[in-house]
Amino acid sequence: MREDHTGIGRRAVFVTGAAAALTLGSVSFASAADRDGGRETRTVRGTLEPGAPDFVYVPVEVPSGVREIHVSYTYDRPSVPPGTTGNALDIGLFDERGTELGGRGFRGWSGGARTEFFVRADEATPGYLPGPVREGTWHIALGPYTVAPQGLSYEITITLTYGEPGETPKPVYPPERVRGRGRGWYRGDCHLHSWHSDGRRTPEEIAALARAAGLDFINSAEHNTHSAHAHWAEAAGDDLLVMLGEEVTTRNGHVVALGTDPGTFVDWRYRARDNRFGRYARQIRRAGGLVVPAHPHATCIGCNWKFGFGEADAIEVWNGPWTPDDEMALADWDSMLVASVRDGREWIPAMGGSDAHRDPDAVGLPQTVVLADELSRRAIQEGIRAGRSYVAESSGVSLAFGASGGRGEHAGIGERLEVDRDTPVTVRLEVTGAPRCTVRLVTDQGVLHTSAPLPVSGSGVVEWRTTPSYAAYVRAELRHETAAGPLPGAPAAFTNPVFLGRRPRQGR
């Protein structure tokens, strides 16, 4: 790694306590005395070589009397051969409280979405947190996402503006409950990005699209920042519950922190080999959130899930428009259901989210439909955690799914029908809004029943009879028609399972 601090004589490079991070020499500014309203600028240049650490910190010595810190940066993007990664450099900011894991000094992250940002007491660029610019050593955090074989040359320009600070606004958060909404099925999209990370929509625009898609709840899931939390209050209302979270975007996979306490920040600066994920999964739960690995088989660099599912409360099996990696995630999740039955362990529910960023990304494609006691953060989370949910491509698709025994016993989605192994069981699916779709009933043996296509009206009823000894669980898939070939069409919806038979003793 090479660096050059223009106008500065310090060029030391320091290795931090984490093996995957480097701290460079400090950038210093003159005293703020007699500089009220003035500005001072420094420029830093350097080059990162292939194999650079995950994070590189540039210390900035901030004197007293600073009103605003502004940072802009550029880096080269040389041509590379097909199949070779080019340059991509993320950026963020930590204040005088330091860069230690846990994020006490965290002041914002924009990844690769912005080329400049500012922070001051009364305002900050989306993705960053307003607050005083206090005296001390601040750090610009660089994240070399990928580095070309030629290396990555960058230039950072830091401008301090001196003067009296403004007043930091007190954050106002959306309510955690929509009044007057009792037990029922509620539709939501738990994976959305605004301009507070790499999205292009404002919270107000997202809320309008959510309402148009027939949603009852959404979850804010910005990459590696919670700056949006204080900007959702005006977008919520008596018809839309807004939950707050984060998409924790590590180098070994992404996890949606779903419905955390307002103002919760979850650190992302670790890999699976660092054995730190469990610590932050527990932090998510302590903050009242759910741990949901996102798009576990996504093919983008760093997106494929590597942490295992021991900490997961649910899994995002369907992410945006249906693709082959969603098909892999669905098959992988089904294998996990079989393992839970085999070992007598708790199972992990599936859910979906749009991961919508900008036009033409559709908010609510797909949506998770949850049976909850009320439209509140806690009730929605309880429904998701219990698996009382299904995933649908739109609000036009509705279904009712369950299993019944011969003596009036009944169990719905996510529940267990407690009957003996040889008891005859009737599985029933009622569908609306799925014209020409085929119903597949999937068990621990695989697909055991496939219906004829539903009529063009999109409504229909499918019944199938089995026993718990033959099927330990049953879940339903509604698949669109395919033009040709053996592969099933994209789903219009799929459910979490109904379990059949007496509850086994839980494994260790």
Side-chain angles (χ1 to χ4, degrees), residues 186-193 197-199 210 213 215 217-224 243-250 252-260 266 268 277 280-281 284-285 289-300 302-337 347-357 361-370 380-381 383-394 413-414 475 477 490-491 493-497:
Y186 294 107
R187 296 176 178 269
D189 190 339
C190 295
H191 191 161
L192 292 162
H193 296 278
S197 58
D198 59 345
L215 300 184
F217 67 91
I218 58 177
N219 180 69
S220 172
E222 309 294 358
H223 292 285
N224 297 343
M243 298 191 293
L244 305 175
E246 179 185 332
E247 184 174 6
V248 184
T249 307
T250 81
N252 283 160
H254 304 182
V255 61
V256 172
L258 198 165
T260 53
V266 184
W268 73 96
F277 175 68
Y280 294 101
I284 292 170
R285 279 192 279 272
L290 301 184
V291 177
V292 184
H295 45 67
H297 288 280
T299 56
C300 48
C303 297
N304 195 276
W305 186 251
K306 302 293 187 183
F307 293 96
F309 297 97
E311 297 285 354
D313 295 305
I315 302 171
E316 187 189 69
V317 170
W318 187 349
N319 176 273
W322 190 261
T323 56
D325 56 272
D326 295 306
E327 196 73 54
M328 290 177 62
L330 182 63
D332 195 32
W333 170 67
D334 193 68
S335 295
M336 295 168 64
L337 292 178
W347 62 288
I348 305 174
M351 57 181 294
S354 72
D355 203 357
H357 285 70
D361 297 353
V363 172
L365 172 62
Q367 50 195 243
T368 301
V369 190
V370 184
I380 293 295
Q381 289 174 319
I384 291 173
R385 187 186 292 108
R388 297 192 301 267
S389 63
Y390 63 91
V391 186
E393 65 181 358
S394 75
I413 298 172
R475 59 179 185 83
E477 297 178 1
F494 68 82
T495 73
N496 276 300

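Contacts of E327 classified as salt bridge (charged side-chain N to carboxylate O under 4.0 Å, His left out), with partners at least two apart in sequence or in another chain: R479. For D325, there are no salt bridge (charged side-chain N to carboxylate O under 4.0 Å, His left out) partners, not counting sequence neighbours. Residues forming a salt bridge (charged side-chain N to carboxylate O under 4.0 Å, His left out) with D198 (at least two apart in sequence, or on another chain): none. Among residues two or more places apart in sequence or in another chain, the salt bridge (charged side-chain N to carboxylate O under 4.0 Å, His left out) test is passed with R385 by none. Evaluation of the side-chain hydrogen bond (donor to acceptor under 3.5 Å, both in side chains) rule for D326 yields T323 as partners, not counting sequence neighbours. Residues that satisfy the side chain to side chain contact (heavy atoms under 4.5 Å, CB included) test with T250, not counting sequence neighbours, are V248, N252, W268, Y270, F307.
Here NE2 of H223 is found 5.0 Å from OG of S197. Values are rounded to the nearest 0.5 Å. Note that NE2 of H297 and SG of C303 are 13.0 Å apart. Values are rounded to the nearest 0.5 Å. If you take SG on C190 and CD1 on I384, they are separated by 4.5 Å, rounding to the nearest 0.5 Å. Here the CH2 atom belonging to W318 is positioned 9.0 Å from the CD atom belonging to Q367, to the nearest 0.5 angstrom. With values rounded to the nearest 0.5 angstrom, E393 atom CD is found 14.0 Å from S354 atom OG. Distance check: N304 CG to H254 NE2 gives 10.0 Å after rounding to the nearest 0.5 Å.
When all heavy atoms of A221 and V256 are compared, the pair lying nearest together is CB-CG1, 4.4 Å. Across every non-hydrogen atom of W347 and P497, the tightest pair is CZ3-CD, 3.5 Å. E316 and V292 make their closest contact through N-CG1, 3.7 Å (heavy atoms, listed as atom of the first residue, atom of the second, distance). Annotation for V317 and A350: closest pair CG2-CB, 3.6 Å, computed over non-hydrogen atoms. A pairwise comparison of heavy atoms in I348 and A314 identifies CG2-CA, 3.7 Å as the closest pair. Contact detail for F494 and Y390: the closest heavy-atom pair is O-CB, 3.3 Å.
Within the 3.5 Å criterion, the main-chain N or O of A356 finds no donor-acceptor partner in the side chain of D361. Although no hydrogens or angles enter the test, the distance criterion places no donor-acceptor pair under 3.5 Å between the side chain of S394 and the main chain of A213. Formation of a donor-acceptor pair under 3.5 Å by the N496 side chain with backbone atoms of S389 is found in this model.
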Evaluation steps, side-chain contact (heavy atoms from CB on, under 4.5 Å), between I284 and E311: CA-CA 10 Å; I284 292 170; E311 297 285 354; over 6 Å; no

side-chain contact (heavy atoms from CB on, under 4.5 Å) between E247 and E222, intermediate numbers included: CA-CA 5 Å; E247 184 174 6; E222 309 294 358; over 6 Å; no

side-chain contact (heavy atoms from CB on, under 4.5 Å) between V370 and R388, intermediate numbers included: CA-CA 6 Å; V370 184; R388 297 192 301 267; 5.6 Å; no

Derivation of the side-chain contact (heavy atoms from CB on, under 4.5 Å) call for R285 and D313: CA-CA 9 Å; R285 279 192 279 272; D313 295 305; 3.2 Å; yes

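For W333 and F309, the distance between ring centers is not under 6.0 angstrom.
Partner H191 forms a side-chain hydrogen bond (donor to acceptor under 3.5 Å, both in side chains) with one of D355, N219, T368 and no other, that one being D355.
Between D332 and P296 there is no side-chain heavy-atom pair separated by less than 4.5 Å. When side chains are defined from C-beta on, Y280 does not count as touching V255, because their heavy atoms never get closer than 4.5 Å. Considering only heavy atoms from C-beta on, L330 comes within 4.5 Å of W322 through its side chain.
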